Visitor: 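Sharing a structure here in structure tokens format.
In this text, all values refer to a predicted model and were calculated from it rather than measured experimentally. When a residue number appears, it is its place in the shown sequence, counting from 1.
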Amino acid sequence: MGEQPIFSTRAHVFQIDPNTKKNWVPTSKHAVTVSYFYDSTRNVYRIISLDGSKAIINSTITPNMTFTKTSQKFGQWADSRANTVYGLGFSSEHHLSKFAEKFQEFKEAARLAKEKSQEKMELTSTPSQESAGGDLQSPLTPESINGTDDERTPDVTQNSEPRAEPTQNALPFSHSSAISKHWEAELATLKGNNAKLTAALLESTANVKQWKQQLAAYQEEAERLHKRVTELECVSSQANAVHTHKTELNQTIQELEETLKVKEEEIERLKQEIDNARELQEQRDTLTQKLQEVEIRNKDLEGQLSDLEQRLEKSQNEQEAFRNNLKTLLEILDGKIFELTELRDNLAKLLECS
């Protein structure tokens with residue numbers, strides 16, 4: 001086949017909605033292998049992705065293509081030949097960056113290959129153009145094909161002058177006349193060919209529209225056949241893609257095993273945290289019960305305190321009444337003592353008088 005995968009990765013494949021040109025339409029239900037292929041026969045690079053036996057991406061890289069990162073894990077590029085925009089969703093930013101680097105690398109390689117091809121074509125076409133006297137390099141118009149006597153005569157003279165150099169050195173005059181007759185015959189042949197080409201050009205100009213329609217039909221058929229060939233080539237090269245896919249699956253399994261181990265450790269940690277949380281919940285329930293008991297006891301103490309305050313207030317009122325009564329009695333006693341003192345003094349006086 002001459003076409004081998006040179007880089008592969010896995011991604012979810014999308015295409016732009018042909019109706020809205022805004023929404024993305026997934027072309028794969030899950031992540032599939034997306035590969036760069038190099039066709040050494042035609043010297044082209046392509047991006048190909050298969051979903052089973054169906055080619056969901058078949059894009060030939062051209063120098064004017066651009067891969068754009070629209071987010072940390074999503075990138076896109078436009079394919080004018082397929083008249084669509086492809087989008088790829090990757091599992092990580094690293095995979096996206098790697099794919100973008102390869103896209104830029106193969107795009108530059110495609111540009112260099114195109115330039116080399118053009119240079120090769122120019123080098124190939126230059127000898128034939130020089131042998132035709134340079135007339136075929138100009139646009140194909142009746143004037144350029146037929147020319148005029150003034151335009152053609154210098155060409156013939158220019159071509160005959162280099163061949164006349166040996167005559168100036170040593171060749172006989174008869175040989176020079178033979179060369180001139182030869183070029184005159186060539187000139188007559190060229191005039192006849194130019195007339196035929198002029199007639200053919202006029203006829204082809206009248207049928208340009210029909211040729212364009214036929215060309216469009218041929219291009220459409222060629223594109224369909226090219227896609228079919230590509231699908232067949234992709235199926236034939238699926239073994240390499242399966243091997244690559246297997247390697248990627250092994251790497252994915254290892255990553256999943258490591259992730260599973262981390263998750264199990266995290267689950268154990270969460271279980272310990274749950275146990276600690278349960279213990280804290282039990283302690284909280286115990287403290288809540290004790291708090292309720294304390295609150296009940298506090299209410300009882302508050303009731304007792306209120307009763308004691310009432311009794312204290314009553315006792316203070318009784319003490320105040322007792323003090324008032326005692327004060328009254330003291331006043332009465334003072335009065336009686338004063339009276340007894342006066343009575344004693346009077347009795348003493350009476351005793352002295354008697």
Visitor: Counting C-beta onward and ignoring hydrogens, is there a side-chain heavy-atom pair between Leu50 and Thr33 closer than 4.5 Å?
Guide: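 Side-chain contact under 4.5 Å: no.
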Visitor: Rounded to the nearest 0.5 Å, how far apart are OG1 of Thr288 and CD of Glu295?
Guide: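 Thr288 OG1 to Glu295 CD: 9.5 Å, rounded to 0.5 Å.
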Visitor: Within a reach of under 6.0 Å around CZ of Arg278, are more than 12 heavy atoms found that belong to other residues, nucleotides or ligands?
Guide: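 At most 12 heavy atoms, drawn from other residues, nucleotides or ligands, come within 6.0 Å of this atom.
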Visitor: For the atom pair CZ (Phe90) and OG (Ser71), what is the distance rounded to the nearest 0.5 Å?
Guide: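 Taking CZ in Phe90 and OG in Ser71, the distance rounds to 10.5 Å.
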Visitor: Kindly state each residue pair satisfying salt bridge (Lys or Arg N to Asp or Glu O under 4.0 Å) with at least one member in residues 97-111, sequence neighbours excluded.
Guide: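 Qualifying pairs, neighbours excluded: Lys102-Glu105, Glu108-Arg111, Arg111-Glu115.
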Visitor: Please round to the nearest 0.5 Å and tell me the distance separating atom CE of Met65 and atom OG1 of Thr60.
Guide: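 If we round to the nearest 0.5 Å, Met65:CE and Thr60:OG1 are 7.0 Å apart.
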Visitor: Side chains of Phe67 and Ile61: does their closest heavy-atom pair fall under 4.5 Å?
Guide: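 Of all side-chain heavy-atom pairs linking Ile61 with Phe67, none is under 4.5 Å.
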Visitor: Excluding sequence neighbours, so at least two apart, what forms side-chain hydrogen bond (donor to acceptor under 3.5 Å, both in side chains) with Thr286?
Guide: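 Counting only residues at least two positions away or on another chain, Thr286 forms no side-chain hydrogen bond (donor to acceptor under 3.5 Å, both in side chains).
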Visitor: Using the side-chain hydrogen bond (donor to acceptor under 3.5 Å, both in side chains) criterion, which residues pair with Lys114? Sequence neighbours excluded.
Guide: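 Per chain and number, Lys114 pairs via side-chain hydrogen bond (donor to acceptor under 3.5 Å, both in side chains) with no residue.
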Visitor: Checking side-chain contact (heavy atoms from CB on, under 4.5 Å) between Asp307 and each of Gln310, Glu309, Gln304, which is the one that passes?
Guide: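 Answer after filtering Gln310, Glu309, Gln304: Gln310.
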Visitor: Considering residues at least two apart in sequence or located in another chain, which fulfil the side-chain hydrogen bond (donor to acceptor under 3.5 Å, both in side chains) criterion with Asn43?
Guide: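 Partners of Asn43 under the side-chain hydrogen bond (donor to acceptor under 3.5 Å, both in side chains) test: Tyr38.
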Visitor: Mind checking whether Phe7 and Tyr36 have parallel, tilted or perpendicular rings, split at 30° and 60°?
Guide: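 If you compare the ring of Phe7 with that of Tyr36, the planes turn out tilted.
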Visitor: Supply the members, apart from Phe338, of the Ile/Leu/Val/Met/Phe/Trp/Tyr cluster built from side-chain contacts under 4.5 Å; use none for a lone residue.
Guide: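 Answer for Phe338: none, a lone residue.
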Visitor: Are the side chain of Asn324 and the backbone of Glu320 linked by a donor-acceptor contact shorter than 3.5 Å?
Guide: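 Indeed, once roles are kept as given, a pair shorter than 3.5 Å links the two residues.
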Visitor: Less than 4.0 angstrom from a charged side-chain N to a carboxylate O is my criterion; do Glu257 and Lys261 meet it?
Guide: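 Salt bridge between Glu257 and Lys261, a charged N being under 4.0 Å from a carboxylate O: no.
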Visitor: Within a reach of under 6.0 Å around NZ of Lys314, are more than 12 heavy atoms found that belong to other residues, nucleotides or ligands?
Guide: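 No, NZ of Lys314 has 12 or fewer neighbouring heavy atoms, counting only those of other groups under 6.0 Å.
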Visitor: Is any side-chain heavy atom of Leu96 less than 4.5 Å from a side-chain heavy atom of Gln72?
Guide: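 No, side chains not in contact.
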Visitor: To the nearest 0.5 Å, what is the distance between OG1 (Thr341) and CG (Asn346)?
Guide: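 So the OG1 of Thr341 and the CG of Asn346 are separated by 11.0 Å.
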Visitor: Hey, is CD on Glu318 packed in by over 12 heavy atoms from elsewhere, all under 6.0 Å?
Guide: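 Enclosed.
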Visitor: According to side-chain hydrogen bond (donor to acceptor under 3.5 Å, both in side chains), who are the partners of Thr252, at least two apart in sequence or on a separate chain?
Guide: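 Testing Thr252 for side-chain hydrogen bond (donor to acceptor under 3.5 Å, both in side chains), a comparison that skips the adjacent residues, returns none.
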Visitor: Drop me the distance from Ile57's CD1 to Ile48's CD1, to the nearest 0.5 angstrom.
Guide: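 Between atom CD1 of Ile57 and atom CD1 of Ile48 there are 10.0 Å.
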Visitor: Look at the aromatic rings of Phe74 and Trp24 and report parallel, tilted or perpendicular, splitting at 30° and 60°.
Guide: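 Judged by the thresholds at 30° and 60°, the geometry between Phe74 and Trp24 is perpendicular.
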